[in-house]
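Throughout, a chain's letter reflects where its sequence line sits, starting with A, and its residues are numbered from 1. All values below come from the heavy atoms of this structure, side chains included, with hydrogens, waters and symmetry mates left out.
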Amino acid sequence: MIDLKYLQNNFEESSLKLQKKRVNLSTLETLKTLFLALKEANSSFETAKAEQNTLSKTFGEYKKEGKETTELKTKVDSNKETIALLQERAREAEIALESVALSIPNFPDDDVFVGEDETQNVELRKVLEPKVFDFAPKEHWELSEISGWIDFERGVKLAKSRFSILKGAGSRLERALVNFFLDTNTKKGFEEYSVPFVNNGAMLQGTGQLPKFADDLFKIEEENLYLIPTAEVPLTNIYHDEILLEKDLPQLMTAYTPCFRKEAGSAGRDTRGIIRQHQFSKVEMVAIAHPQKSDEVFEMMVQNASDILTALELPHRVVALCTGDLGFSAAKTIDLEVWLPGQNQYREISSISNTRDFQARRAKIRFKDGKKNSFVHTLNGSSLAVGRTIVAIMENHQNEDGSINIPAVLKPYM
RNA sequence: AGAGAGGUGGCCGAGCGGUUGAAGGCGCACGCCUGGAACGCGUGUGUAGGGCAACCUACCGAGGGUUCGAAUCCCUUCCUCUCUGCCA
C-alpha cells in the first residue's frame, strides 16, 4: 500500500510517479477523493461518538444520584440513531477507499529508467561468456528425450498441462541445487526456514498478490487458503503485524518451497519444456531491513544470486527493469537472466526486488524507531528458480551425445 | 472429528455491566541514592487514526448482538490447551 497521506500532500509528484507504472490519473484522483471522504466521515462519526460517551457518563451519574433520567434518555436515543448512520457512512467510505487503494501499485524509485515494457529494460553487465558449441546445442526437452530426466506426459496425466515429473538424475539434480542454494545463502547470513506451502488471504494481501492477482493463485476453496506462488509470501509475512526491535534488523531469511501459479494470461507461452510450469521449485531470499539499509541489502542479494550462477558456470546478465516492467509491489527490481544456448537467448532465472515500505504497510511490519514505530523495508529475490536452473545446466553443459556435465560445485551434492 | 477449558498490555496476571486503556507484579527507560554497582525510592513505559498542542476516537483473539453504557452478558467464528478418536 502506498502512503495515502503522502499522496494527499504530494499529489502532483505522486501521480507522476505512478503514471510511470501506468496508473490512470483519474484513478488517483478518485483515490484522493475517497481518502478525504473517509477522513471527513471518520471525523464526524468520532465527534458524535464523543458526545455519546459524555452523555452515557452523565446517565450513570444521574442513576447513582437517583436523578430523573427520562429526558437524558431521549437525547441519548436520538444521538444513537445519528451515530449508527455516521458509522455506516464511515464504514462504507473505508470499504470504498480500500477497494481502490489495495490495487494501486508501489511507487517506482526515482532512479528507475522510465520505459514502457521489458524491451526497455537496462542491461547492467554480463557475467561469463556463453560457450561456443561445435555442434548445434539442443533445447532442454530434446536433451530430456535422451537422458529421461523429465517426464512431461505423465506429469500431465497426474495433474494437468504444465505439470511434469523429474526422475532419476534429474530429480537428484533438483535436490542438489536446493541444498546448494540453501547452503550458499546460509553462508551469506540468511537463516533457513521451512514454511507452510499454503497461506491465508491476509498474508497474500500483505505481500500484494491479493486482491488484484487472485486469478493467478491456486485456491483451496473450502479451507479459504491459497497455495503459495513464491516463498516471498510466507517469509515476508513471518513478521506480519509485528513490531521488531531496531537491533534485530535486518532479518535475512531463506527457504526452499514449491511455488504454484496458474499462469493466467500466459496461454501459449513457453508451452514446451519446464520453463513455465504451474508448480516449480524455488529457493527464495527475503530481507526485512531498516529503511536506511535496504539499498545495501538489495545489492548484496543481487550479488549473491549472481555469484551462485557463476559458481554453476552459467553465463548470465544483470538487467535493471524499467518502470513499465516493474511488478506491482516493487520500487526497484533487478533480474538475472541466464543464457540458454538451446533457445539462443537470455531467460529470467532470478528477480530481486526492493518493495521499500509498500508490503510493510500492507502487512503492518514495523520496527521501534527511537520513540516511534516506523515501517521496515522488505526485499525479496530468487536464489534461484530451481526448474530454470536445471534447464540452464542441461543446455549450457550439454555434450554432443546429449549427456550433461554436472558443474564441479554440485558434485558433493550429487 | 467428538467432549471439556481458555484466549486481557513486551511477559505474568486481576477484572466479570459504568469514570478501566485496563489493578498488581516482572521486564524496560529515565532520575535519586552509590566511589561504582546491586538493593531501595520516584517517574514513565501498548497500537492505530484525527486535531497533529491540550485533547478526541477505536482496540481486552475476530465479527455481530443486547444495553444509555461491555474486557465484563448473548450469538457466530478463529486459535490454543487437555482427554477420546484418527492419522505421517
*Send over the distance from A:I365 CD1 to B:A48 P, rounded to a whole Å.*
14 Å
_Atom CZ of residue position A:R276 - does it have more than 12 heavy atoms of other residues, nucleotides or ligands inside 6.0 Å?_
yes
*Could you list the residues that satisfy side chain to side chain contact (heavy atoms under 4.5 Å, CB included) with A:E223, not counting sequence neighbours?*
A:I220, A:L225
*Only one of A:F328, A:F107, A:F375 forms a ring pair (Phe, Tyr, Trp, His ring centres under 6.0 Å) with A:F358, so which one is it?*
A:F328
*Hey, does A:K372 reach any base, or is it just sugar-phosphate, or nothing, if we go heavy atoms under 4.0 Å?*
nothing
*For nucleotides B:G13 and B:C26, find the distance between their C1' atoms and express it as a whole number of Å.*
10 Å
*A:R366-A:S374 side chain donor-acceptor pair, cut-off 3.5 Å*: no
*For A:F260, which of A:Y226, A:F218, A:F280 qualifies under side-chain contact (heavy atoms from CB on, under 4.5 Å)?*
A:F218
_I need a per-nucleotide contact map over nucleotides 64-70 of chain B, read 5' to 3'. Cutoff is protein heavy atoms under 4.0 Å; write B for the base, S for backbone only, - otherwise._
S---BS-
*Taking atom types as modelled, find out whether A:S164 and A:Q277 have a side-chain donor-acceptor pair closer than 3.5 angstrom.*
yes
*Over how many whole Å does the gap from A:Q8 atom CD to B:G49 atom C1' extend?*
13 Å
*asked:* Just N and O in the side chain of A:K368: are any of them under 4.0 Å from OP1 or OP2 of B:U47?
replied: yes
*Give A:I243 one of three labels, base, sugar-phosphate or nothing, depending on what nucleic acid heavy atoms sit under 4.0 Å from its own.*
sugar-phosphate
_Upstream residue (5' side of RNA chain B) when A:S43 and A:T54 are each assigned their closest nucleotide_ = A:S43
